[in-house]
Trainee: 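Input: one structure, supplied below.
Numbered from 1 within each chain, the chains take letters A, B, ... in sequence-line order. For clarity, every value in this text was computed on a predicted model and none was experimentally measured.
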Amino acid sequence: MRAALHLLLFLVFPPLLMGVINRVKAAFAGRRGPPVLQLYFDLWKLLRKGAVYSTTTTWIFRAGPVVSLAATLVAGLLMPLGGGLPAPFAFPGDVILFAYLLATARFATVLAALDTGSSFEGMGASREVTFSALAEPALFLSIAALALARQSISWTSILSGQMAAWHLFGPAMAMLIGALVLVALAENSRIPFDDPTTHLELTMVHEVMILDHSGPDLAMILYGASLKLFLLGAIVVRLAFPFEASVPGHVALFVAGLLVYAVVMGVIESTFARLRMDRIPQILIAASVFAALAVAVILVRVNA
Amino acid sequence: MNVSLDLALVLVLVLCVASVGTSRIGAAIRYFSFQAAAVAMVPLLIETRSGEISVHAWVLFAMTIVLKVVGVPYLLNRSVREAAVRTEVEPLIGFGLSLAIGGALVALSFALARQLPLLQKPPSDLLIPVAFSLLMIGLLLIVSRSKAVTQVVGYLIMENGIFLFGLLLLETFPWLIEMGVLLDLFVAVFVMGIVIFQINREFDHIDSHQLDSLKD
Amino acid sequence: MGAGVGLVALSTGHPAVAALGFAGALLHVTNHALFKSLLFLAAGAVGKASGTLQIDRLGGLARRMPRTALCFTVGAAAISGLPPLNGFVSEFLVYLALLGAIVSLPVVPQSAAVLAFAVLACVGGLASACFAKATGAIFLGARRSPEEAVPQEVPAEMQLSMGVLAAACLGIGLAGSTLIAGLDPVVRQFSAVSLRETAALGGLTLVGALSAALVGAAFAAWLSVRWLLRRRTVKTGPTWVCGYPAVQPSMQTTASSFAQPLILVFKNILLPVRHQSGSSAAFPAALAVEEHCPDPIERFLLGPGVTGGAVAFSVARQAQPKRVQSYVLAIFITLVGLLWWRLG
Amino acid sequence: MLATLLLLPIIAAAVSLPLGSDRARVLLFRLVALAHLALVGGIWWRPPLPLFGGYLALDAPGLLVLSLGSVLFAGVAVYLGGYLDRAEQRPLRIFVASLLLLEGAISLVTACQHLGLFWVAIEISTLSSAPLLYFHHSGRALEATWKYLIVSSVGIALALLGTVFLAVAATDGSGETTLWIRDLMAGRALSKPWLHASFVLLLIGYGTKMGLAPMHAWKPDVYGEAPPPVAALLAGALTSCAFLAVMRITGICARAGEAPFASSLLVLLGLVSMGVAAVLIVGQTDYRRLLAYSSVEQMGILVFGLGFGIAGGQGAFLHVLNNALNKGIMFLTAGNVLQLCGTSAMASTTGLLRRAPVTGVLLLVGLFAGVGLPPFGLFISEFTILRAALAGGASAWPAVLYLFFLAVIFLGMCAAVLPLAQGEARAGELPLREPLSTTIPPAIFAMAALVLGVYVPPPLARMIDAAARQLGVAG
């Protein structure tokens with residue numbers, strides 16, 4: 001029963017996050033902004049539309065969105081949502097599979113972008129690949145830190161169960177959350193790293209890769225992006241709110257946490273401007289350093 | 001203490017150092033023959049346990065006299081005359097320096113000899129150090145002289161040193177080995193004589209200094 | 001790296017981690033043989049079909065050579081260690097070993113394992129970047145080479161060989177726990193613990209299952225898109241390049257431009273060499289910029305080392321003595337030296 | 001059986017002098033060499049009785065070196081005919097006589113059980129090899145002979161001194177001493193300082209005969225100027241006899257409990273030789289001088305092997321066999337190259353594989369065998385020595401240096417020989433005629449090297465173990 005609830009929450013909830021973020025940004029800009037359920041309407045609309053495929057594209061272009069959505073879905077099966085809902089599949093080392101599934105999704109999107117043959121999509125793809133290559137160490141170092149702190153290498157046992165981590169590794173947890181937030185911002189192409197709303201070719205990273213997609217393909221990509229945001233958010237939320245409660249309590253706590261996460265994301269997006277392209281690697285390396293420091297602190301604590 | 005033996009050994013040492021100091025090939029050959037004569041005396045002077053000089057010692061004495069005192073110098077002088085070479089020797093290192101090194105080598109030989117204790121008392125305490133210094137100075141001569149004949153003289157002096165060492169085992173050793181030494185010495189010098197003769201026919205002088213065309 | 005972790009774990013007495021490390025290393029050797037040969041065969045096919053191996057003159061081959069493109073993409077994904085394929089399985093084992101080392105080894109190897117863990121992640125990212133570039137520049141986009149050299153698909157037997165290798169890559173990716181039976185006897189020679197007791201057993205089975213799930217989900221999504229579009233109008237048109245009309249193939253992102261941001265990030269490690277010619281006037285008649293990254297290790301480490309050694313050796317050879325006196329001098333010095341050293 | 005073996009060559013030498021034509025002399029030499037080989041075969045089958053009151057008897061190491069010597073002589077004998085036809089005509093009277101004398105001397109060396117007699121035999125072999133060098137009567141040959149004579153005589157003199165020192169070391173309370181190998185090996189009480197001094201002198205004396213660095217300087221000149229078949233004999237057989245000497249004194253030292261002292265010197269000289277060879281091989285331009293330095297390196301490896309007790313000894317003995325075969329291949333092929341292209345300077349001769357395919361192939365086989373690539377015997381022996389070095393040695397540094405030098409030599413040799421075999425033949429050079437008699441012997445040696453690399457026949461293996469046990473401390 002809990003697995004069914006997990007799947008339901010995982011499949012339905014994410015587009016709402018996007019809506020909340022856009023709504024917060026609109027509030028900051030003094031306008032009403034699109035309704036919170038806007039993304040659901042878009043998805044519904046796109047799924048019923050036709051598609052336009054460029055002459056230069058091959059089957060890889062069509063496979064791109066499909067593979068990336070599938071990979072993100074399977075990744076979701078590994079992630080426990082909050083304390084109460086353990087992941088349907090949990091085994092030692094699923095942290096690695098989770099990260100590499102996201103990598104597969106990215107690989108598929110990049111190939112699809114290159115297939116169109118437009119220089120903009122190529123540029124976006126090369127930037128995406130560069131930033132992700134730098135973000136991966138930060139993500140993996142955080143995983144290492146968590147593995148060290150919780151003496152286990154599976155998401156479910158790391159994130160669910162007694163999260164007595166705070167008082168033991170207080171500062172390290174704070175740095176970890178900082179690093180993970182930065183990684184989430186980079187992976188989901190939010191403001192400081194990339195501008196999801198812009199259409200100016202020179203500045204886009206993730207947006208430009210999906211320029212040429214249309215109809216159901218575009219729907220899949222948007223849905224996949226929201227799933228990814230949701231997953232990375234789940235990690236951050238569980239670390240940020242490590243309180244104990246009964247199963248329904250956990251679920252409520254998790255949903256509230258996610259909403260807060262979305263609001264925070266919106267606040268960040270509206271108070272920051274997009275960084276210059278050569279500044280972004282420095283920020284990502286900073287994230288890795290944060291994670292490395294967290295590992296160092298935990299190492300000292302564990303061995304002390 | 002066998003005074004006459006020590007005297008002979010000292011004579012040998014002095015002649016050997018003198019041959020390092022000389023600049024004329026003729027003189028070097030003469031010093032060598034005197035030295036060989038002194039060396040020939042040594043087996044006679046060593047008192048054997050049985051008191052009298054064994055036949056073996058006499059044979060050795062005769063062989064050394066015939067070969068080293070007469071035979072070899074004659075051969076060398078013939079080569080020198082035939083090659084009509086300037087008699088004096090230009091060593092690769094100056095005479096003063098070679099004498100100094102010679103002295104140092106003698107000192108080294110005495111030091112090394114001290115390291116080699118003998119189970120029963122040797123015929124004379126000087127025997128080992130002198131033999132060592134003969135060996136060292138013979139090598140020094142080969143290394144520091146450029147004339148082929150002087151090198152052969154150096155080789156012969158070294159051979160004398162080894163002969164002296166051989167005498168340590170005078171009684172117990174089968175004389176076959178002593179004979180072997182003399183025979184080989186003779187053959188070696190004979191072949192070198194031929195080669196020197198060929199050299200001057202080939203290079204119209206016997207300065208092995210020029211023999212350095214083989215290189216990488 | 002796997003073998004390294006294995007050896008370190010053996011020395012600190014953690015056979016389980018060692019078993020994982022060696023299993024990962026050994027499996028990666030087999031996997032590497034598969035996907036590397038697959039990539040080379042595909043490269044050969046490209047060379048045969050298009051006549052050139054210059055990446056900047058290829059492009060858009062997927063249209064004419066779909067099956068070779070498929071095999072190359074599978075190979076590229078496998079070598080980058082992406083889930084459904086075999087590259088991931090062996091890297092997964094190495095990661096397990098590293099994580100095991102992080103969790104249980106004493107502090108010094110622990111921190112080394114953390115460093116290795118991060119580096120392996122970064123390398124994974126870079127590998128997928130490199131092979132995305134290769135696949136994109138060669139097979140995708142529009143053809144950059146002139147019209148007359150129209151590449152044709154390679155004959156069937158070449159495709160068959162590539163296909164078999166690609167299938168093998170996918171097969172091992174999905175094999176999951178059956179791999180343990182193969183690996184276990186070998187690993188037992190290295191470490192006392194059998195693979196079954198380690199985390200690998202659970203891990204591999206589920207990795208296999210989830211890879212299968214991934215392939216299934218992808219297929220399902222493909223069907224659903226096809227089903228959704230069956231009644232819709234599917235038009236084709238030129239690529240939407242924000243409305244720019246005159247799009248030429250040469251405007252595409254070439255391999256070097258794709259890699260340019262990465263080179264910028266690792267600028268002071270790769271030390272790219274840049275040749276610039278042409279006048280710097282406002283409107284230069286002709287301007288040419290060419291940049292490439294020769295292998296820094298070879299340029300700064302091996303190159304000077306070898307030439308330096310050769311020069312030193314030849315100097316030594318010239319300084320060789322040539323006169324017989326110096327030969328005997330050598331003997332003399334050795335004699336005095338050894339006697340003095342051993343007796344003095 | 002042993003008496004005929006030893007006297008045959010010496011009598012033949014005497015008979016060959018008054019013979020009429022050179023052709024008859026060469027035929028006589030071939031017959032004697034093949035008969036000698038047959039006799040050695042017989043000896044392998046049924047070990048001979050000691051001779052001359054125990055002075056001459058064949059023990060394991062002696063038999064090994066004897067057999068490799070006679071194999072080399074047989075090969076060179078067959079090769080000589082073809083070689084002399086094309087070399088410029090010179091009177092062969094002294095040449096063949098000294099060749100036979102050399103074979104007799106080598107047989108004598110391997111049979112000696114008394115160190116004094118051993119020294120005399122080595123002396124005879126040196127003197128008999130001197131005229132062989134001077135076969136071409138050119139200025140350069142003369143210089144080589146002169147240098148060989150001076151350096152060898154100094155070496156031999158030091159060896160004699162060492163033998164005397166050993167005798168002094170062996171004198172017991174009552175003044176009795178002995179130079180019988182049997183007694184010395186039986187753990188007789190030897191005075192330590194004299195034994196040390198004698199080992200140093202013997203090692204330097206016989207090391208000069210072997211061509212160990214730093215006493216190696218004569219080798220490139222001698223092997224560079226001597227006619228290739230003679231160089232093959234010198235490099236294969238004569239150095240092996242000197243190795244036999246070094247092996248015997250190491251055995252004596254081991255039995256007297258001085259193994260660490262001996263092995264430290266052996267390893268030192270071994271590494272120095274390999275180092276010097278490595279430095280001088282890179283960038284070498286003359287093919288025969290290259291082979292000379294390779295021979296210095298092989299001697300270094302042999303002595304290095306001896307420094308590690310029984311295990312190292314096994315590797316060393318296998319190595320001495322392989323080295324002899326390998327030097328046979330390379331020098332005889334060098335002879336072919338020399339006669340085909342007129343010069344052994346590698347710069348001017350390229351593309352041999354095309355112009356003279358058989359010689360080209362032999363060149364490559366010789367190179368790969370010499371450098372120690374797997375299918376050939378040298379790899380096995382070098383590997384055994386490496387294992388012994390790693391197991392026995394206190395620190396791993398000697399083994400590390402050993403491998404480093406092998407690598408550098410591999411680079412140097414390949415860089416030098418490969419262009420010789422593979423480069424394009426210059427335009428207009430027509431393929432060359434390769435007479436059968438000059439290509440069969442190296443080919444046979446190559447086959448033997450390959451066989452030894454793959455399978456060591458049991459009698460040979462037993463013989464090597466027996467020989468290596470002499471290096472051990474006990475029994």
Trainee: Examine whether an atom of C:Leu70 lies under 4.5 Å from a heavy atom of chain A, and if so say whether it belongs to the side chain, the backbone or both; otherwise answer neither.
Mentor: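 Both parts, backbone and side chain.
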Trainee: Give a yes or no on whether A:Arg279 atom CZ has more than 12 heavy-atom contacts from other residues, nucleotides or ligands under 6.0 Å away.
Mentor: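 Counting neighbours around CZ of A:Arg279, 12 or fewer heavy atoms of other residues, nucleotides or ligands fall under 6.0 Å, so no.
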Trainee: If you take all heavy atoms of A:Met220 and C:Ser224, which pair is closest and at what distance?
Mentor: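 Scanning both residues completely, I find the closest heavy atoms to be CE-OG, 3.8 Å.
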Trainee: Using a cut-off of under 4.5 Å for heavy-atom pairs, which of A:Leu73, A:Val295, A:Asp217, A:Leu148 has the most such pairs with chain C?
Mentor: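 Option with the greatest count: A:Leu148.
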Trainee: Can you give me the closest heavy-atom contact between C:Phe92 and A:Pro92, atom names plus distance?
Mentor: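 For C:Phe92 and A:Pro92, the tightest heavy-atom pair comes out as CZ-O, 3.9 Å.
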Trainee: Which pair of heavy atoms, one from A:Pro137 and one from C:Ala118, lies closest together, and at what distance?
Mentor: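 Smallest interatomic distance, heavy atoms only, reads CB-O, 4.2 Å.
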Trainee: Find out whether C:Leu228 and A:Arg48 are in side-chain contact, i.e. whether some heavy atom of one side chain is under 4.5 Å from a heavy atom of the other.
Mentor: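 The answer is no, as the side chains (C-beta and beyond) never meet within the 4.5 Å cut-off.
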Trainee: Would you check if A:Asp94 and C:Leu206 make a side-chain contact, meaning some heavy-atom pair closer than 4.5 Å?
Mentor: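 Heavy-atom side-chain distance check fails, nothing below 4.5 Å.
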Trainee: Name the member of C:Leu99, C:Leu115, C:Val114 that forms the most heavy-atom pairs with chain A at distances under 4.5 Å.
Mentor: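 The candidate making the most pairs under 4.5 Å is C:Leu99.
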Trainee: What donor-acceptor contacts under 3.5 angstrom involve side-chain atoms of residues 209-216 of chain C, with partners at least two apart or in another chain?
Mentor:
unit_1   : atom_1 : unit_2   : atom_2 : d
C:Ser211 : OG     : C:Val207 : O      : 2.6

Trainee: Report yes if the side chains of C:Ser104 and A:Gln151 come closer than 4.5 Å at any heavy-atom pair, otherwise no.
Mentor: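 Contact flag for C:Ser104/A:Gln151 side chains = no.
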Trainee: Is there side-chain contact between A:Leu299 and C:Ser111, with at least one heavy-atom pair below 4.5 Å?
Mentor: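 A side-chain contact exists here, since the closest heavy-atom pair is under 4.5 Å.
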Trainee: Can you tell me which of A:Ile96, A:Val95, A:Val52, A:Leu69 forms the most heavy-atom pairs within a distance under 4.5 Å of chain C?
Mentor: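 It is A:Ile96.
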Trainee: Take A:Ser126 and C:Lys133, measure what side chain to side chain contact (heavy atoms under 4.5 Å, CB included) needs, and give me the verdict at the end.
Mentor: CA-CA 8 Å; A:Ser126 88; C:Lys133 171 193 87 168; over 6 Å; no
Trainee: May I ask you to check whether over 12 heavy atoms, not counting those of A:Tyr223, lie within 6.0 Å of atom OH?
Mentor: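 Yes, enclosed.
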Trainee: Can we call the ring centroids of C:Tyr95 and A:Tyr100 under 6.0 Å apart?
Mentor: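 Close enough - the centres of the two rings lie under 6.0 Å apart.
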Trainee: How close do C:Val103 and A:Ala147 get, counting heavy atoms only, and between which atoms?
Mentor: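 Here C:Val103 and A:Ala147 meet closest at CG2-O, 4.1 Å.
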Trainee: If you count heavy-atom pairs within less than 4.5 Å of chain C, which of A:Thr116, A:Val67, A:Leu139, A:Leu114 leads?
Mentor: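 Between A:Thr116, A:Val67, A:Leu139, A:Leu114, the count favours A:Leu114.
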Trainee: Looking only at heavy atoms, which two atoms of A:Ala103 and C:Leu82 are closest? And how far apart?
Mentor: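 Scanning both residues, the minimum pair turns out to be CB-CD2, 3.9 Å.
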Trainee: Return the option, out of A:Val129, A:Leu47, A:Thr104, with the maximum number of heavy-atom pairs under 4.5 Å with chain C.
Mentor: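 That would be A:Thr104.
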Trainee: Picking from A:Leu77, A:Val110, A:Leu78, A:Leu101, which has the most non-hydrogen pairs under 4.5 angstrom with chain C?
Mentor: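 Top count of heavy-atom pairs under 4.5 Å with chain C: A:Leu101.
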Trainee: At what distance, to the nearest 0.5 angstrom, does CD1 of A:Ile298 lie from CD of C:Gln110?
Mentor: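 Here the rounded value is 11.0 Å.
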Trainee: Which residue out of A:Ala125, A:Ser154, A:Ala296, A:Ser214 racks up the most heavy-atom pairs below 4.5 Å with chain C?
Mentor: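 Ranked by contacts with chain C, first place is A:Ala125.
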Trainee: So do A:Leu97 and C:Pro83 actually touch side chain to side chain, heavy atoms under 4.5 Å?
Mentor: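 They are in side-chain contact.
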Trainee: Tell me, please, which residues at least two apart from A:Glu187 pass salt bridge (Lys or Arg N to Asp or Glu O under 4.0 Å).
Mentor: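 Scan of A:Glu187 (salt bridge (Lys or Arg N to Asp or Glu O under 4.0 Å), adjacent residues dropped) gives A:Arg106, A:Lys228.
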Trainee: Which heavy atom in A:Phe107 sits nearest to a heavy atom in C:Ser80, and how many Å separate them?
Mentor: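 So the minimum-distance heavy-atom pair works out to CE1-OG, 4.4 Å.
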Trainee: Picking from C:Val123, C:Leu98, C:Leu120, C:Ile102, which has the most non-hydrogen pairs under 4.5 angstrom with chain A?
Mentor: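 Looking at each of C:Val123, C:Leu98, C:Leu120, C:Ile102 in turn, C:Ile102 comes out on top.
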Trainee: Give, for atom OG1 of A:Thr130 and atom CG of C:Leu126, the distance between the pair rounded to the nearest 0.5 Å.
Mentor: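 Output value for this atom pair is 9.0 Å.
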Trainee: Would you mind checking which part of A:Leu134 comes under 4.5 Å of any heavy atom in chain C, side chain (CB onward), backbone (N, CA, C, O), both or neither?
Mentor: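 Answer is side chain: those atoms of A:Leu134 sit under 4.5 Å from chain C.
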